[in-house]
Each structure stands twice: as C-alpha cells, then as structure tokens.
**Q** 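The following block contains the structure, expressed as structure tokens.
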Amino acid sequence: MTSVDYQRIYDVVKRIPEGRVATYGQVALLAGLPGQARRIGYALHALPDESPVPWHRVINAKGEISILPDPFFGDVQRMLLESEGVIPDSNGKYALSRYQWKPEHR
DNA sequence: GCAGTGACTAGTA
DNA sequence: ATACTAGCCACTG
C-alpha cells in the first residue's frame, strides 16, 4: 500500500526541474532515505501513469535508464527526456556531469 | 516467517 | 573497461 515515504519520494522527484535528471541514490538521500535507492525504484514503479511526478527524470548512477529490460517504459522514458532536451551520448548514456540536477540548498 | 527478487549503489578484482 | 559482491529494505510467494 502506499506508504508515507512514497509520498516523500514523489515530492522530491517533483522538484527536479525540466531538462535535468537525478539519480536514484540522490532522490533517496533528499527524501531522507540514504542508502535505500532501491525503494525509489519501487515507488516509481508503483506510480500511476496520470501522476504529475516526472519519474522519467530519475536514472541510475551510471547515467543510464534502469528500466531498459522493459522495452515499453524504457522507450517512453527516453522519449520524454528527449522532449525536454536531455539527449543521451552516442553510447546511449546520459552525461550526469551535464544533466544531473543540483538542488539549491535554502 | 523465511527466501527470492528488484526502475540501486559503492567497493573490489 | 567489465564482473562479481555485499548492503540496503519493501514486496511477493
């Protein structure tokens, strides 16, 4: 069932600006769940399609889409990122040094 | 309740 | 550079 932590994860993901990406570990850390990157995957997988959460802006630490085994969502994610100006390298990997979101501390 | 699995990561070889 | 391991914890059978 939907846990409160999930809502917290979604809130963090919603803060990722357009044209930027964040890693699972980074989201986990910002959501107050350090070292629990796997939970981010669960939360996003359980996310309904109509959700305002930009789940496609979350990628793994290697700068790749972690859902590649799933041809459908993997393709959807890559398409959504491309529509925001996030283009992968020739390797098919995203340059984190260039696209990774750096949250402003306030 | 235990064992396996997973949209992960960091470390080691 | 790739491959394997351990750690993390919720979900499933």
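Every chain is numbered from 1, with letters handed out A, B, ... down the list of sequences. Below, all heavy atoms of this structure are taken into account, side chains as well, without hydrogens, waters or symmetry copies.
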**Q** Counting heavy atoms from C-beta on, name the nucleotide in B/dT9, C/dC8, C/dA10 closest to the side chain of A/Tyr6.
**A**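 Within the option list, the nearest is C/dA10.
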**Q** Once you round it to whole Å, what is the distance between C1' of B/dA7 and OH of A/Tyr10?
**A**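 Computing the A/Tyr10:OH to B/dA7:C1' distance gives 12 Å.
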**Q** As a test of understanding, state which of A/Ile9, A/Leu47, A/Ile16, A/Val12 forms a side-chain contact (heavy atoms from CB on, under 4.5 Å) with A/Val53.
**A**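 When A/Ile9, A/Leu47, A/Ile16, A/Val12 are each tested with A/Val53, the side-chain contact (heavy atoms from CB on, under 4.5 Å) holds only for A/Leu47.
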**Q** Rounded to the Å, how far apart are A/Leu29 CG and C/dG7 P?
**A**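 Roughly 21 Å, once rounded to whole Å.
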**Q** Can you measure A/Leu81 atom CG to B/dA7 atom C1' for me and round it to whole angstrom units?
**A**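 About 13 Å, once rounded to whole Å.
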**Q** Measure the distance from CZ on A/Phe72 to C1' on B/dA7 and round it to the nearest whole Å.
**A**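 Atom CZ in A/Phe72 sits about 14 Å away from atom C1' in B/dA7.
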**Q** Give the rounded distance in Å between these two atoms: CG of A/Asp70 and C1' of B/dA7.
**A**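 Distance, rounded to whole Å: 9 Å.
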**Q** What about A/Arg39: does its side chain form a donor-acceptor pair under 3.5 Å with the base of B/dG6?
**A**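 When only heavy-atom distances are counted, A/Arg39 does not reach the base of B/dG6 through any donor-acceptor pair under 3.5 Å.
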**Q** Could you tell me if the side chain of A/Gln26 sits less than 4.5 Å from the side chain of A/Pro103, heavy atoms only?
**A**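 Contact flag for A/Pro103/A/Gln26 side chains = yes.
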**Q** Do A/Ile59 and A/Tyr94 have side chains that approach each other closer than 4.5 Å (heavy atoms only, starting at C-beta)?
**A**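 A side-chain contact exists here, since the closest heavy-atom pair is under 4.5 Å.
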**Q** Could you tell me the separation between the OH atom of A/Tyr42 and the P atom of B/dG6, rounded to a whole number of Å?
**A**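 After rounding, the reported distance stands at 8 Å.
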**Q** With a sphere of 6.0 Å drawn around NZ of A/Lys93, does it hold more than 12 non-hydrogen atoms of other residues, nucleotides or ligands?
**A**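 Atom NZ in A/Lys93 is not crowded, with 12 or fewer foreign heavy atoms closer than 6.0 Å.
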**Q** Expressed in angstrom and rounded to an integer, what is the separation of A/Glu64 atom CD from B/dT9 atom C1'?
**A**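 Whole-Å distance recorded here is 16 Å.
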**Q** Could you please name the option among C/dA10, B/dC8, B/dA7 that lies closest to any side-chain atom of A/Ile67?
**A**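 For A/Ile67, the side-chain atoms sit closest to B/dA7.
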**Q** A/His45 NE2 to C/dA10 C1': how many Å, rounded?
**A**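 In whole Å, C/dA10 C1' and A/His45 NE2 are 14 Å from each other.
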**Q** Between C/dC8, B/dA7, C/dC11, which nucleotide gets closest to the side-chain atoms of A/Gln36?
**A**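 The answer is C/dC8, which lies nearest to the side chain.
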